[in-house]
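Each remark here refers to the structure printed beneath this line.
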Amino acid sequence: MNDKDRRSMPLFGIGIVMKLTELTARQIRYYEENDLIHPERTKGNQRLFSFNDVDRLLEIKNYLDKGLNLAGIKLLLTDEDSNVEKTEEKEKALPKEKKSVLTDKELRAILRQEITEANRFGKANLRQGELARFFVNR
DNA sequence: CTTCTCACA
DNA sequence: TGTGAGGA
């Protein structure tokens, strides 16, 4: 068994995750509803989170502090999932003319950069959902 | 006692 | 997001 398997192994209940992430059960469940995390379930329907899930929750909390809404965070976090490859393949399949100027991967990289920058000047410059809207309406 | 879903004076 | 109900 490798590290990758360990990180995705369902190990902790919501109680432990709450302490680890400093988030309320309500928030954690709400983020799951919005597909930002996908914890496994026990036979009794109890959530079981992996190290990856905890890491993601921590990232979500950071982005939230930086003024992003769930929609925006979802777009940024979509990376680590198997979506990148899909997007890149789809991008390659397109004829040059119809290719978007930037791939989703590149766009996300730019957004991260902007967020980091905005963070240096203070999140006041970043209004709620601004980045998400930019992303969606591109 | 903890977690789950659903709903909202 | 919080909170309470009602069940597991």
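Convention: sequence-line order gives letters A, B, ...; per-chain numbering from 1. Scope of the values below: all heavy atoms of this structure, side chains included, with no hydrogens, waters or symmetry mates.
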inquiry  = Could you check whether atom CZ of A:Phe51 has more than 12 heavy atoms from other residues, nucleotides or ligands sitting under 6.0 Å from it?
reply    = no
According to a strict under-4.0 Å criterion, is [X] in side-chain N/O contact with OP1 or OP2 of [N]?
X	N	result
A:Arg47	B:dC4	yes
A:Arg41	B:dT5	yes
A:Thr24	C:dT1	no
A:Tyr30	C:dT3	no
A:Gln27	C:dT1	yes
A:Arg29	B:dC4	yes

Would you kindly give the [atom1]-to-[atom2] distance between [X] and [N], to the nearest whole Å?
X	N	atom1	atom2	result
A:Leu23	B:dT3	CG	P	14 Å
A:Met18	B:dC4	CE	P	10 Å
A:Ile14	B:dC1	CD1	C1'	15 Å
A:Leu70	C:dT1	CG	P	7 Å
A:Glu40	B:dT3	CD	P	18 Å
A:Gln46	C:dG7	CD	P	17 Å
A:Lys43	B:dC4	NZ	P	18 Å
A:Ile28	C:dG2	CD1	C1'	15 Å

Reference residue A:Ile37; test side chain to side chain contact (heavy atoms under 4.5 Å, CB included); the match among A:Val17, A:Ile60, A:Asn52, A:Leu77 = A:Ile60
task = Please answer whether the main-chain N or O of A:Leu23 pairs with a side-chain N or O of A:Lys61 as donor and acceptor at a distance below 3.5 Å.
result =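 No; judged by distance alone, with no hydrogens or angles, the pair does not exist.
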message = Quick check on the hydrophobic clustering: are A:Leu48 and A:Tyr30 connected, directly or via other members, by side-chain heavy-atom contacts under 4.5 Å?
response = no
ask   = Reckon A:Gly44 touches a base, only the sugar-phosphate, or nothing at all at heavy-atom distances under 4.0 Å?
value = nothing
message = Any strand counts, and the cut-off is 3.5 Å on both contacts for Watson-Crick or G-U wobble. Which nucleotide pairs with C:dT1?
response =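 When the pairing criteria are applied, nothing turns out to pair with C:dT1, so the answer is none.
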message = Counting only Watson-Crick pairs (N1-N3 plus N6-O4 or O6-N4) and G-U wobbles (N1-O2, O6-N3), all under 3.5 Å, who is the partner of B:dT2?
response =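 In the structure as shown, B:dT2 has C:dA8 as its Watson-Crick or wobble partner.
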request  = State whether A:Glu32 and A:Arg41 are salt-bridged, where the test is any N-O pair (Lys NZ or Arg NE/NH1/NH2 against Asp/Glu carboxylate O) under 4.0 Å.
outcome  =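 Answer for the salt bridge query: yes.
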